[in-house]
2 protein chains.
Amino acid sequence: MLNYMVERGAHLDAVFHALADPTRRSMLGRLAERELTIGELATPFHMSFAGASKHVRVLENAGLVKRTIRGRSHLCRLEAARLAEADAWLKRYERFWTANLDRLEALLREEDRAKAKSKSKSATE
Amino acid sequence: MLNYMVERGAHLDAVFHALADPTRRSMLGRLAERELTIGELATPFHMSFAGASKHVRVLENAGLVKRTIRGRSHLCRLEAARLAEADAWLKRYERFWTANLDRLEALLREEDRAKAKSKSKSATE
DNA sequence: CTAATTGTCAACCAATCGGTTTAACGTTTT
DNA sequence: AAAACGTTAAACCGATTGGTTGACAATTAG
């Protein structure tokens, strides 16, 4: 749906998909140190040039990499904004692994639910 | 490779893949509020029962959900440890969106690289 | 015992994935 | 003008994805 695309989550689909591949994560890792051309990005993996090029495009489409063409070589640089979005999404679950205070909070919510049995809730994704 | 599986990153593949689907993210969101059966997880989406079941399995295989069978219904609960791993991976890039101090750090690293031109580096993914 | 409920499994589908190869394109060098 | 370089495009491949259906197993309710 268009609403979904605009409102929220569309980026996350692409970003998480892009991150779900070790080759791509490795590329991002190298780009975190310096800007690299497609060729430089390709060399560490025993993979065809075109193969690496496709990985870069996935990263680009997810907004994780931006490319500037200079002459015949394409320079890639890391673009972190979308990573920040992914991080923000994960943060919503932070309390589940920071624990401790959680046990308490869980108990409180338990009490809350016991008291107010009437409400129905909407799944905010 | 087996080495890859054991060493690092194998989880991330599965976790990020699991998160790359809006249905699955939504399920996690609901599980963050309370434990739910497969059926309860399925209802919000106009999707077959078996379809939802497969999504849950993906989450389970990624270690994001744990299931306890009680009678004929399967209770699912959120398991956050793997989310923490994903968060830890993302944190390595945090400085790229917190910015500001970065410009400085980048300059410092630039100087460093200029001084020591001898070292080769390994891509730690 | 019989029904209905809760969920899985297996087969199947079209679409996408990660990867290859070969051909082409624009840029730089000679 | 020609050759070499850096990269993309297109066609293709097998594997996987998200989704369906229908049959089945197990627990629960009437």
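Just so we're on the same page: letters track the sequence lines, and every chain starts at 1. Values reported hereafter were calculated over all heavy atoms of this structure, with side chains retained and with hydrogens, waters and symmetry mates removed.
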Paired to C:dC9 by Watson-Crick or G-U wobble criteria (both distances under 3.5 Å) is D:dG22
My understanding is that a pair needs two contacts under 3.5 Å, Watson-Crick or G-U wobble. By that rule, which nucleotide pairs with D:dT28?
none
Output the rounded distance in Å from [atom1] ([X]) to [atom2] ([N]).
{"X": "A:L59", "N": "C:dC17", "atom1": "CG", "atom2": "P", "result": "13 Å"}
{"X": "A:L36", "N": "D:dT7", "atom1": "CG", "atom2": "P", "result": "11 Å"}
{"X": "A:R57", "N": "D:dA10", "atom1": "CZ", "atom2": "P", "result": "10 Å"}
{"X": "A:H74", "N": "C:dT27", "atom1": "NE2", "atom2": "P", "result": "9 Å"}
{"X": "B:L41", "N": "C:dT6", "atom1": "CG", "atom2": "P", "result": "14 Å"}
{"X": "B:F16", "N": "C:dC17", "atom1": "CZ", "atom2": "C1'", "result": "19 Å"}

Would you mind writing out the side-chain donor-acceptor pairs for residues 68-77 of chain A within the sub-3.5 Å range, not counting sequence neighbours?
| residue | atom | partner | partner atom | Å |
| --- | --- | --- | --- | --- |
| A:S73 | OG | A:R70 | O | 3.4 |
| A:H74 | ND1 | A:R67 | NH1 | 3.0 |

Identify whether the glycosidic angle of C:dA3 places it syn (within 90° of 0) or anti.
syn
Show which side-chain atoms of residues 48-55 of chain B pair as donor or acceptor with protein atoms under 3.5 Å away, not counting sequence neighbours.
| residue | atom | partner | partner atom | Å |
| --- | --- | --- | --- | --- |
| B:S48 | OG | B:G51 | N | 3.0 |
| B:H55 | ND1 | B:R24 | NH1 | 3.2 |

When every nucleotide of nucleotides 18-30 of chain D is labelled 5' to 3' by its protein contacts under 4.0 Å (heavy atoms), B for base, S for sugar-phosphate only, - for none, what sequence of letters results?
SBBB-----BB--
Which residues pass the side-chain contact (heavy atoms from CB on, under 4.5 Å) test with A:A20, not counting sequence neighbours?
B:F16, B:H17
For A:E79, give me all partners under side-chain hydrogen bond (donor to acceptor under 3.5 Å, both in side chains), at least two apart in sequence or on another chain.
none
Which is it for B:L90 and A:L90 under the side chain to side chain contact (heavy atoms under 4.5 Å, CB included) test, yes or no, and what are the steps along the way?
CA-CA 10 Å; B:L90 277 178; A:L90 277 178; 3.6 Å; yes
List the residues meeting salt bridge (charged side-chain N to carboxylate O under 4.0 Å, His left out) with A:K91, not counting sequence neighbours, and say none if there are none.
A:D87
